[in-house]
**Q** 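Pasting a structure below so you can have a look.
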Amino acid sequence: KGLTSEFLFRGSKLIGLIFIFLSIIFLSYWFFDKNFKFKKKISYPEIKDFILLCLPMSPIVGYIILNREYLNNFGLIYVILVPLVFIIILCFIIPILMSYIASLKMLMISGLAISFTVLSMSVITENPQNHIFNSKFITQGSCLIITFITVYLIYSFNKTIAYTAVVVFFLSGVTQKTFNVVFSKNLTANQTDNRLDIFLDNKNNKIIKKKNIYILVYESYANLETLKYYGFDNSEQIKFLENNDFKIYRGIYSNGASSVSSTSRILELKEQLPKYGRYYISGNSLSLKILQANGYKNIGLFSSPYFFGPYPKTWDEYYPKEDITKIGSNIILKAIFEGQFRFDIFDDNYDYDKYLNLKEKYLTLKPKQPTLFYTHNLLPGHSQNSGKCIPNEKKNYFKRVKKANNEMKDDIKNLKNNDPDAIIILVSDHGPYLTKNCGQLLGMNKSSINKYDIQDRYGVFLAISWPKGMKNHVNNIEIS
């Protein structure tokens, strides 16, 4: 399933009709032209024709550059080889076999156009605002036809120019993506950070009352005002929280519009990060190191390894244990051939019920030492983030909010019964992306963007239950 299979299925119907029409013309021509003969000869491509592989391989190399943190060396080779085999079969093996009755050049370039379109599908359909006639299928088909016509005409005119053109196309794409990655790294690479040493050297920063801390992140859980704007009344849930001694903080925004960018900054307590966000979420953040230095045990529980990169895991306990670089190649290939890099693709092979059971286990344990428990769930989740709202987008989100509310209630009941004197933080990572295009606001007219569009993406929910001894200081605590 995916955009690629959907396109090929719809395209096969159209091609089938065209094939029947052309077959009728061909058979009629064959019937009247008694001198017509099949080619009856296998043709082979020139060695230089393999240079044309640079065209369909260009998006693959781009995906690798952008997702390098998910790949070890074996995974890197695997992500290259699988599409390469697919391309060779489509562009050379099948055309050679079919050249007995048809034109090798026509078949070979058809294979190039199809493989390039299939492997570029996630880029072609990435932004619905750019779809031709507002149609995904027409956009996909246009890319296929334009690619075929362009390559066929240049190849027919001058093969050397065709070889040069695809190499330049390949290198320009690689250069651009490499530059973007390197530039984003260098943007903060020269920052030095000795905040941990400074903090620990100050004796006044030593934690005296070592309360257990629970940070429960609910994916894309909107605050009360934003939910009201959507048309959903969540006041009953707010009353439940207030009845359980939670203080609701209003007007809170995240420092990032994605889960990784937002939560990594929560843990590192810094806006500009010198390393990838997953480095900090893997346990290597300032706040976690401060707690460890004060005798805390840090536990990280996630629904999938999406939040981990190829970085050392310094949580004292964490789940899941899988090395993301060992499974990253399969996930990237799945995304490539599906034709979309879904935000939830990492969750496909993980049982959410298992995550919930593990969370319940941790929330009902009696910690033997001061503990920081951090977890990030899947509910209520955000829109499909394609850049175009699908029908019933808000209605589906409301259903998930109700599920998230039930999960939150269970979490609170477990904690209040087991560890009532703990610091309990309920927070969301960012908004659900339900207004305008249900995606990023880039390229939109500023005058058309209102405060709810900002809240929809950056506004977060925050509620904290403070221990009795700290309640008198709640109003003096600054949260940003």
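The analysis underlying the following values was restricted to heavy atoms, covering all of them including side chains, and did not include hydrogens, waters or symmetry mates.
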**Q** If you count the non-hydrogen atoms of other residues, nucleotides and ligands that lie under 6.0 Å from OH in Tyr78, is the total more than 12?
**A**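 No.
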
**Q** Any donor-acceptor pair under 3.5 Å linking the side chain of Thr139 with the backbone of Ile132?
**A** yes

**Q** If only atom types and distance count, is the side chain of Asn205 paired as donor or acceptor with the main-chain N or O of Phe199 below 3.5 Å?
**A**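 Checking the backbone N and O of Phe199 against the side chain of Asn205, a donor-acceptor pair under 3.5 Å is found.
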
**Q** For the pair Glu393 (side chain) and Ile390 (backbone), establish whether a donor and an acceptor sit closer than 3.5 Å, ignoring hydrogens and angles.
**A** yes

**Q** Does this structure show an ion pair linking Asp421 with Lys211, if we count only N-O contacts that are shorter than 4.0 Å?
**A** yes

**Q** Between Tyr433 and Ala257 (side chain of the first, backbone of the second, donor and acceptor by atom type, cut-off under 3.5 Å), is there such a pair?
**A**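 Present.
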
**Q** Hey, would you say the Tyr458 and Tyr253 ring centroids sit under 6.0 Å apart?
**A** no

**Q** As an exercise, state the distance from CG of Leu71 to CD1 of Ile77, rounded to the nearest 0.5 Å.
**A**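 CD1 of Ile77 is found 11.0 Å from CG of Leu71.
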
**Q** Taking the side chain as everything from C-beta on, heavy atoms only, tell me whether Pro467 gets closer than 4.5 Å to Ile423.
**A** yes

**Q** For Asp453 versus Ser448, what's the shortest heavy-atom pair and its separation?
**A**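 Answer, listing the atom of Asp453 first, then Ser448: OD2-O, 3.7 Å.
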
**Q** Heavy atoms only: give me the nearest Cys143-Ile124 pair and the separation to one decimal.
**A**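 Closest approach of Cys143 to Ile124: SG-CD1, 3.4 Å.
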
**Q** Scan Asn330, Ile64, Asn67 and name whichever one has a side chain to side chain contact (heavy atoms under 4.5 Å, CB included) with Val79.
**A** Ile64

**Q** Rounded to the nearest 0.5 Å, how far does OG1 of Thr371 lie from NZ of Lys210?
**A** 11.5 Å

**Q** Can you tell me if Arg457 uses its side chain to pair, donor with acceptor, with the backbone of Gly431 under 3.5 Å?
**A**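 Not at all, since once roles are kept as given, no pair shorter than 3.5 Å links the two residues.
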
**Q** Can you classify the ring geometry of Trp315 versus Phe302 as parallel (below 30°), tilted (30 to 60°) or perpendicular (above 60°)?
**A**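 The arrangement is perpendicular - the two ring planes meet at more than 60°.
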
**Q** Go through the side-chain N and O atoms of Gln455 and Tyr229 and say whether any donor and acceptor fall under 3.5 Å apart.
**A** no

**Q** Measure from NZ or CZ of Lys416 to the centre of the six-membered ring of Phe246 and say whether it is under 6.0 Å with the direction within 45° of the ring axis.
**A** yes

**Q** Flag yes if more than 12 heavy atoms outside Lys409 fall under 6.0 Å of its NZ atom; otherwise flag no.
**A** yes

**Q** Locate the shortest heavy-atom distance separating Leu8 from Val118; write the atom from each residue and the value.
**A** CD2-CG2, 4.4 Å

**Q** Is a side-chain donor-acceptor pair under 3.5 Å present for Tyr214 with Asp419?
**A** yes

**Q** Could you point out which residue of Tyr306, Phe307, Tyr355, Phe308 forms a ring pair (Phe, Tyr, Trp, His ring centres under 6.0 Å) with His376?
**A** Phe307

**Q** From the options Tyr374, Tyr319, Phe373, select the one residue that forms a ring pair (Phe, Tyr, Trp, His ring centres under 6.0 Å) with Tyr362.
**A**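 It is Phe373; the other options fail the test.
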
**Q** Verify, without hydrogens or angle tests, whether Ser5 (side chain) and Gly2 (backbone) share a donor-acceptor contact under 3.5 angstrom.
**A** yes

**Q** Ion pair present between Glu268 and Arg195, side-chain N to carboxylate O less than 4.0 angstrom?
**A**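 A salt bridge links Glu268 with Arg195.
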
**Q** How close do Leu462 and Ile464 get, counting heavy atoms only, and between which atoms?
**A**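 Answer, listing the atom of Leu462 first, then Ile464: CD1-CG1, 4.1 Å.
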
**Q** Taking everything shown except Glu236 itself, do over 12 heavy atoms lie less than 6.0 Å from its CD?
**A**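 No, CD of Glu236 has 12 or fewer neighbouring heavy atoms, counting only those of other groups under 6.0 Å.
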
**Q** Is a side-chain donor-acceptor pair under 3.5 Å present for Thr263 with Asp429?
**A** no

**Q** Are the side chains of Lys297 and Lys368 in touch, meaning some heavy atoms are under 4.5 Å apart?
**A**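 SC-SC contact between Lys297 and Lys368 ruled out.
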
**Q** Would you say the side chains of Thr364 and Asn414 form a donor-acceptor pair under 3.5 Å?
**A**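 Result is no, nothing qualifies.
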
**Q** Is there a donor-acceptor contact under 3.5 Å from the side chain of Asp456 to the main chain of Thr435?
**A** yes

**Q** Quick check for you: to the nearest 0.5 Å, what is the distance between Ile454 atom CD1 and Leu441 atom CG?
**A**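 Reported to 0.5 Å precision, the distance equals 5.5 Å.
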
**Q** In terms of relative ring orientation, are Phe341 and Tyr63 parallel, tilted or perpendicular, with 30° and 60° separating the classes?
**A**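 The rings of Phe341 and Tyr63 sit tilted, inter-plane angle from 30° to 60°.
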
**Q** Counting only heavy atoms not in Phe74, do more than 12 fall under 6.0 Å of its CZ?
**A**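 Open: at most 12 neighbouring heavy atoms sit under 6.0 Å from CZ of Phe74.
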
**Q** When you check the gap from the basic side-chain N to the acidic O, do Arg250 and Glu225 get nearer than 4.0 Å?
**A**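 No, this pair does not count.
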
**Q** Compute the centroid of each ring, for Phe86 and then for Phe337, and state whether the two points are separated by less than 6.0 Å.
**A** yes

**Q** Please say whether more than 12 non-hydrogen atoms of neighbouring residues, nucleotides or ligands are located less than 6.0 Å from NZ in Lys239.
**A**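 No, the 6.0 Å shell around NZ holds no more than 12 heavy atoms from other groups.
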
**Q** Would you confirm whether Asn223, through its side chain, and Ile252, through its main-chain N or O, come within 3.5 Å as a donor-acceptor pair?
**A**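 Flag not set: sc Asn223 to bb Ile252 has no pair under 3.5 Å.
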
**Q** Evaluate whether atom NZ of Lys361 has more than 12 neighbouring non-hydrogen atoms of other residues, nucleotides or ligands under 6.0 angstrom away.
**A** no

**Q** Please find the pair of heavy atoms, one from Tyr397 and one from Gly381, that lie closest to each other, and give the distance.
**A** CE1-O, 3.0 Å

**Q** Which is it for Tyr279 and Leu273 under the side-chain contact (heavy atoms from CB on, under 4.5 Å) test, yes or no, and what are the steps along the way?
**A** CA-CA 10 Å; Tyr279 170 81; Leu273 302 179; over 6 Å; no

**Q** Is the shortest heavy-atom distance from the side chain of Leu333 to the side chain of Pro83 under 4.5 Å?
**A** yes

**Q** Indicate the atoms forming the closest heavy-atom contact of Asp411 with Lys359, along with that distance.
**A** OD2-NZ, 2.8 Å

**Q** Tell me yes or no: between the side chains of Tyr221 and Asn234, is some donor less than 3.5 Å from an acceptor?
**A** yes

**Q** Is the CD atom of Gln440 crowded by more than 12 outside heavy atoms at less than 6.0 Å?
**A** no

**Q** Are the side chains of Glu322 and Tyr350 in contact, using a 4.5 Å heavy-atom criterion?
**A** yes

**Q** For the pair Tyr311 and Tyr276, name the ring-plane relationship: parallel under 30°, tilted 30 to 60°, perpendicular over 60°.
**A** tilted

**Q** Please check: side-chain N/O of Ser264 versus main-chain N/O of Tyr280, any donor-acceptor pairing under 3.5 Å?
**A** no

**Q** Would Lys247 count as a cation-pi partner of Tyr249, with NZ or CZ less than 6.0 Å from the six-membered ring centre and within 45° of the ring normal?
**A**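 Yes, a cation-pi geometry.
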
**Q** Determine whether Tyr352 and Ser303 satisfy the following criterion, side-chain contact (heavy atoms from CB on, under 4.5 Å), listing intermediate values before the conclusion.
**A** CA-CA 6 Å; Tyr352 193 62; Ser303 57; 4.2 Å; yes

**Q** Is the closest side-chain heavy-atom distance between Ile207 and Leu291 below 4.5 Å?
**A**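 Of all side-chain heavy-atom pairs linking Leu291 with Ile207, at least one is under 4.5 Å.
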
**Q** Assess the side chains of Thr125 and Gln140: does a donor N or O sit below 3.5 Å from an acceptor N or O?
**A**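 Short answer, no.
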
**Q** Scan side-chain atoms only and decide if Asp233 and Ser235 contain a donor-acceptor pair under the 3.5 Å cut-off.
**A**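 Yes, because at least one side-chain N or O of Asp233 sits under 3.5 Å from a partner of the opposite role on Ser235.
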
**Q** Once rounded to the nearest 0.5 Å, what's the spacing between atom NZ of Lys399 and atom NZ of Lys395?
**A**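 Between Lys399 NZ and Lys395 NZ, I get 5.5 Å after rounding to 0.5 Å.
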
**Q** Under 4.5 Å between any side-chain heavy atoms of Lys321 and Tyr318, yes or no?
**A**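 In short, these two side chains touch, coming nearer than 4.5 Å.
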
**Q** Give a yes or no answer on whether the side chain of Thr314 reaches the backbone of Gly283 with a donor-acceptor pair at less than 3.5 Å.
**A** yes

**Q** With side chains defined as the heavy atoms from C-beta onward, is the minimum distance between Gln292 and Leu372 less than 4.5 Å?
**A** no

**Q** Please evaluate residues Ile88 and Leu53 with respect to the criterion side-chain contact (heavy atoms from CB on, under 4.5 Å), reporting the C-alpha separation (whole Å), side-chain torsions for both, the decisive distance (0.1 Å), and the verdict.
**A** CA-CA 8 Å; Ile88 290 174; Leu53 292 175; 4.3 Å; yes

**Q** Could you walk me through whether Tyr70 and Ile331 pass the side-chain contact (heavy atoms from CB on, under 4.5 Å) test, one step at a time?
**A** CA-CA 9 Å; Tyr70 296 123; Ile331 292 172; over 6 Å; no

